[in-house]
Amino acid sequence: MRVEKRVLNDALRVLGKVVCQTSPVELYRSVRFVGDVDGVMAMATDGVETVSVILDAFAETEIDFCVPFKELKDLVRMGRSETIELTGKFLDFPKLEEPTADAISVILPVNFGELLTQAASVVDRGNYRRLLQGINLSNAGVTATDGKQLLHLPCVLSLAKDVTIPFPSALLAARTSEMGVLQVWDKLFQIEIGNFSWQGKLLEGQYPNWRGVIPSPESHDYSITLHDPEKVIAWVKMIPSQKNTNGVELNVMPDGSVTLVSCIQPNFELNTQTTVTGVQPRAVLTLDREIILRMLLQGYTTFKAHSDGLVPVIASGGAGQYIAMPIRTINKNPIQPKQEEKKMETENTNVVEQTAPVANPLDELNANVEEFRGKLKLLLDESGVLIRKVKEVALVQKQKERDFIQARRAIERIRMAI
């Protein structure tokens, strides 16, 4: 089989998202090439998900062989010719599941890949809850949350019930921009867009009730619209990133502008022109640095909030709705207009204190128990994976021992013949 280096490299960028190069199973760290003179398909699997890409390649006869992923990467990196000729060995590749007769088929819009890219930025891939590592699809659109923020992107999907797909690493790498088809049956799904195909298992369980998180319009009594988001983005990027609370205050000034202040660097501020509608806020709106930066980068420039700061903020202006809970603060001495700055130098400056609502001890206990159960389930899942890997290593070791014994017997027979 002959294929251009550029074409192979693009395919490896996608297939590499499911290839497990450290697996003791040769199949899971290899790429399968199957086809004939009419077309060639490259496939990879990790035992749970299978991704395939149709290649612009040439095969003189019917082919079905596998090549280690690392070897392919080396050929692309070190090959001098723009065309690569591939050969390999046959491996028993698992047969793909076929959609059943009652499978649900959904037409995916052209911008589906772009919607998933935006939603993926909110997903917490390190969350111990498997459901929050995926993306929810429903008849209302695409939704993602990490438990602290939520992004809902409206999209017409003819789904009778919500489904949650795993994190779409390969689909994001494919950068699709065509209409596609989603098929759902039993606990499986398959997405086909252009020359890209992805099949795997749906994440089981009940996705959080995100519809109940979105506040009603009447719960907000004022809004802030930034006129120069690029300037604000550049300013926010200069605030050091840290894991702990890293808030950014949006102080509404009497002249209608907004002064942004970093909570970890109180002297670092930015005054920017805005449009403020509604009542004068009694509490300063404070959002996490990472959240406000992500909102602005995705085009969300209008923030609807409550003057007391106790209601989730809805950011609009982008492709959907971005919801986040503000950081609760007490502002003992609000920012004064610029003309009064000198007068305020000898007085108390802004003091921001982190406060938290008083929690019911029983609720805290229940939350801790649920968190412990989640962590325990994660540990059990990980132990199951380790047990499977140990068995695979043992099988590989036994095979090596058999090969060694057979080789020694062959050597003995040769000696006897001599």
Side-chain angles (χ1 to χ4, degrees), residues 117-127 144-151 222-253 255-276 281-307 309-318 321-338 341 344-345 348-356:
T117 301
Q118 295 183 44
S121 64
V122 177
V123 175
D124 179 11
R125 301 187 67 183
N127 199 301
T145 180
D146 63 356
K148 301 176 184 178
Q149 54 188 324
L150 184 146
L151 177 60
Y222 81 100
S223 68
I224 299 173
T225 301
L226 301 176
H227 292 171
D228 192 357
E230 296 298 330
K231 181 180 179 182
V232 177
I233 290 173
W235 178 83
V236 173
K237 285 183 177 180
M238 289 189 286
I239 301 174
S241 178
Q242 64 178 35
K243 292 184 178 181
N244 298 327
T245 302
N246 190 1
V248 175
E249 296 181 355
L250 285 80
N251 295 272
V252 178
M253 309 301 289
D255 60 356
S257 64
V258 167
T259 297
L260 290 87
V261 180
S262 168
C263 290
I264 64 172
Q265 296 178 329
N267 295 326
F268 186 59
E269 60 181 58
L270 171 71
N271 186 271
T272 183
Q273 290 299 316
T274 61
T275 297
V276 180
R282 293 181 290 274
V284 177
L285 175 60
T286 307
L287 296 173
D288 183 78
R289 173 197 179 272
E290 303 299 329
I291 292 178
I292 191 172
L293 180 60
R294 192 174 296 115
M295 287 176 171
L296 294 174
L297 288 174
Q298 294 192 16
Y300 296 90
T301 56
T302 298
F303 307 97
K304 299 178 182 178
H306 190 270
S307 54
L310 303 177
V311 178
V313 174
I314 293 183
S316 58
Q321 291 180 311
Y322 203 133
I323 295 92
M325 192 66 189
I327 300 174
R328 294 192 61 190
T329 61
I330 297 177
N331 197 346
K332 295 183 178 180
N333 198 7
I335 289 182
Q336 302 297 315
K338 291 295 183 180
E341 284 184 354
M344 294 299 295
E345 286 179 357
N348 294 330
T349 57
N350 292 348
V351 178
V352 179
E353 298 179 355
Q354 290 294 120
T355 64

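Heads up: numbering here begins at 1 and tracks the sequence.
- Taking all atoms of both residues into account, the shortest heavy-atom contact from G309 to A283 is N-CB, 4.4 Å.
- Across all non-hydrogen atoms, the minimal contact from L287 to P326 is CD2-CA, 4.0 Å.
- Looking at N251, its side chain never comes within 3.5 Å of a backbone N or O of V284 through a donor-acceptor pair.
- Between L285 atom CG and Y222 atom OH the span is 4.5 Å, to the nearest 0.5 Å.
- Under the 3.5 Å distance criterion, with hydrogens and angles disregarded, a donor-acceptor pair is assigned to the side chains of H227 and T275.
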* Given I239 and L293, is the side-chain contact (heavy atoms from CB on, under 4.5 Å) satisfied, shown in steps? -> CA-CA 11 Å; I239 301 174; L293 180 60; over 6 Å; no

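- The line from CZ of R125 to CG of D146 is 14.0 Å long, rounded to the nearest 0.5 Å.
- Going from atom CD1 of I224 over to atom OG of S257 covers 10.5 Å, rounded to the nearest 0.5 Å.
- By the 4.5 Å heavy-atom criterion applied to side chains, L150 and V122 are not counted as neighbours.
- Residues L151 and Q298 form a side-chain contact, since some pair of their non-hydrogen atoms from C-beta on lies under 4.5 Å apart.
- At least one donor-acceptor pair under 3.5 Å links the side chain of T274 to the backbone N or O of G256.
- Applying the salt bridge (Lys or Arg N to Asp or Glu O under 4.0 Å) test to every pair with at least one member in residues 282-293, sequence neighbours left out, gives these pairs: R282-D308.
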Can you give me every donor-acceptor pair (side chain of residues 260-268, partner residue at least two apart or in another chain, under 3.5 Å) with its distance?
{"from": "S262", "atom 1": "OG", "to": "I264", "atom 2": "N", "distance (Å)": "3.4"}
{"from": "S262", "atom 1": "OG", "to": "Q265", "atom 2": "N", "distance (Å)": "3.3"}

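- Partners of A315 under the side chain to side chain contact (heavy atoms under 4.5 Å, CB included) rule, at least two apart in sequence or in another chain, are M295, Y300, F303, Y322.
- Put simply, the side chain of Q242 gets close to the backbone of T245: a donor and an acceptor are under 3.5 Å apart.
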